[in-house]
There are 2 protein chains.
Amino acid sequence: MQTICKWTMIPSMENACQAAKILKSIGARVTPARVLMLETLHSGCGLFTAQALHEDLPEGTADLATVYRFLALLVRKNLAREVTGTDGVLYYEMACSHNPSHPHFECRSCGRIYCLEGCLPEEWKHFPACPQGHGVESVSVVFRGTCSNCLGKLEKEAKE
Amino acid sequence: MQTICKWTMIPSMENACQAAKILKSIGARVTPARVLMLETLHSGCGLFTAQALHEDLPEGTADLATVYRFLALLVRKNLAREVTGTDGVLYYEMACSHNPSHPHFECRSCGRIYCLEGCLPEEWKHFPACPQGHGVESVSVVFRGTCSNCLGKLEKEAKE
DNA sequence: GGCCTACTTGCAAACGATTTGCAAATGGAC
DNA sequence: GTCCATTTGCAAATCGTTTGCAAGTAGGCC
Ligand SMILES: [Mn+2]
Ligand SMILES: [Mn+2]
Ligand SMILES: [Zn+2]
Ligand SMILES: [Zn+2]
């Protein structure tokens with residue numbers, strides 16, 4: 001995972017004890033597991049699965065079930081977003097102010113999901129009128145096709 | 001399931017033996033189970049799950065595994081589209097010419113998924129340039145919120 | 001500091017939609 | 001009819017996710 005944002009989930013937060021402050025701000029207890037999970041999330045960006053976060057944690061930090069429960073908590077508190085992949089696997093991403101909601105690209109060939117930050121056309125940001133009177137709260141836009149990586153490989157194979 | 005289209009999956013098709021013709025057109029064998037499944041699909045519209053289709057079939061038509069295999073075939077042949085719900089469940093819908101790709105609305109409260117036919121703004125039909133050079137082949141747009149049905153119930157409760 | 005209670009955790013078992021292996025049945029070409 | 005690839009039912013496996021529960025812990029209070 002690569003770094004993109006610096007604990008900006010809560011505006012005007014000091015550098016020290018960020019994890020603890022974030023946890024307190026959502027009324028959750030500060031436990032070693034949660035602090036380590038937040039710190040690990042801090043060092044990464046993009047989409048990740050519960051499994052992936054679990055593997056990135058220092059050995060023995062938390063059980064996989066605990067990771068799932070923590071991610072569900074973050075989603076409930078709007079500190080993370082949940083994306084269901086086509087394969088039914090749950091992906092998460094932090095919802096800090098530097099990482100607003102954005103479209104994703106899912107590769108049909110390799111299955112990888114890319115974040116498309118800052119590429120949503122202006123017009124797409126306004127929800128269209130919903131003809132059946134539903135109360136729209138959010139949109140998710142997912143493009144599908146063949147990613148640049150896989151396109152490259154296919155070209156290479158074609159040459160051989 | 002409600003009726004919306006009349007075997008228009010294949011242009012200029014006669015009314016008789018439609019199911020058989022459709023199956024032949026995709027190079028699949030014409031079996032009783034497949035014909036009945038197509039006929040059942042014909043009598044419905046909107047999203048459905050493998051389970052739902054299975055329950056709508058005449059008793060003993062096909063095993064649930066067969067339904068799954070048939071739906072996978074239809075998707076492979078572009079006669080059906082597959083949508084993964086937030087809950088990870090697979091939904092299908094027929095991709096006949098009267099039922100082009102469209103956005104969906106998923107209710108956070110009751111979980112129901114609505115088809116939003118003909119409400120996609122013109123601008124949304126043109127894929128935005130994909131900054132990372134991926135080959136975009138399709139878009140899926142899913143709105144989320146509270147459906148009109150649930151909104152009504154909530155209002156009613158508020159009054160009491 | 002100790003006490004108390006509600007919240008957290010690890011563990012293992014359950015879950016449930018979907019997939020798969022396999023042997024028997026059958027479609028369709030000849 | 002013969003033959004072979006395709007299709008099927010059945011039951012078991014899959015696997016990411018959820019859950020029950022007993023033991024552990026955070027943090028408010030005195
Ligand atoms: Mn993203
Ligand atoms: Mn639809
Ligand atoms: Zn790819
Ligand atoms: Zn609803």
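Sequence lines set the chain letters: A, B, ... in the order given, protein chains first and strands last, and positions in each chain run from 1.
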Stepwise, does the side-chain contact (heavy atoms from CB on, under 4.5 Å) test hold for B:Arg81 with B:Asn99? CA-CA 10 Å; B:Arg81 283 184 298 267; B:Asn99 196 29; 3.8 Å; yes
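- When the C1' atom of C:dA29 is taken as reference, atom NZ of B:Lys24 falls 13 Å away, rounded to whole Å.
- Contacts between chain B and DNA chain D, taken as any atom within less than 4.0 angstrom of a protein heavy atom, begin and end at D:dA5 to D:dC10.
- Taking side-chain N and O atoms only, A:Thr66 has a distance below 4.0 Å to OP1 or OP2 of C:dG10.
- In this structure, B:Leu74 and B:Met37 have side chains that are not in contact, with every pair of non-hydrogen atoms separated by 4.5 Å or more.
- Between B:Glu137 and A:Arg144 there is no salt bridge, since no side-chain nitrogen of the basic residue lies less than 4.0 Å from a carboxylate oxygen of the acidic one.
- Side-chain nitrogen and oxygen atoms of A:Arg29 include none within less than 4.0 Å of the OP1 or OP2 phosphate oxygen of C:dA6.
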Pair B:Thr84, B:Leu90 - check side-chain contact (heavy atoms from CB on, under 4.5 Å), show working. CA-CA 5 Å; B:Thr84 307; B:Leu90 291 175; 3.6 Å; yes
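- Between the CZ atom of A:Arg69 and the C1' atom of C:dA12 there is a distance of 12 Å, rounded to whole Å.
- The distance between atom CZ of B:Phe48 and atom P of C:dA17, rounded to the nearest whole Å, is 17 Å.
- One can place NE2 of A:His54 at 12 Å from P of C:dT9, the figure rounded to the nearest angstrom.
- Rounded to a whole Å, the OH atom of B:Tyr91 is 14 Å from the C1' atom of C:dT18.
- Side-chain contact between A:Ser138 and A:Ser101 is absent, with no heavy atoms from C-beta onward closer than 4.5 Å.
- Using a 4.0 Å heavy-atom cutoff across all strands shown, B:Thr61 reaches sugar-phosphate atoms only and no base atom.
- With a 4.5 Å cut-off on side-chain heavy atoms, A:Ile113 and A:Glu106 count as touching.
- One interatomic measurement links the two molecules: CG of B:Leu71 to P of C:dT19, which rounds to 10 Å at whole-angstrom precision.
- Where A:Tyr68 and B:Arg34 each meet DNA chain D at their nearest nucleotide, the meeting point lying more 5' is that of B:Arg34.
- Remark on DNA chain C: of its neighbouring residues B:Ala28 and B:Gln51, the 5'-side contact belongs to B:Gln51, judged by nearest-heavy-atom nucleotide.
- Computed from coordinates, the A:Asp63 CG to C:dA13 P distance equals 13 Å when rounded to whole Å.
- No side-chain heavy atom of A:Gln51 sits under 4.5 Å from any side-chain heavy atom of A:Val67.
- We find that CG of A:Leu23 is positioned 15 Å from C1' of C:dT9, with the value rounded to whole Å.
- Note on ring orientation: taking the six-membered ring where Trp is involved, the planes of A:Tyr114 and B:His134 are tilted (angle from 30° to 60°).
- Note that the two end axes of the helix from C:dG1-D:dC30 to C:dA13-D:dT18 enclose an angle of 30°, each drawn from 5 base pairs, rounded to 10 degrees.
- A:Tyr92 pairs in a side-chain contact (heavy atoms from CB on, under 4.5 Å) with only one of the listed residues (A:Leu71, A:Leu41, A:Val83), which is A:Leu71.
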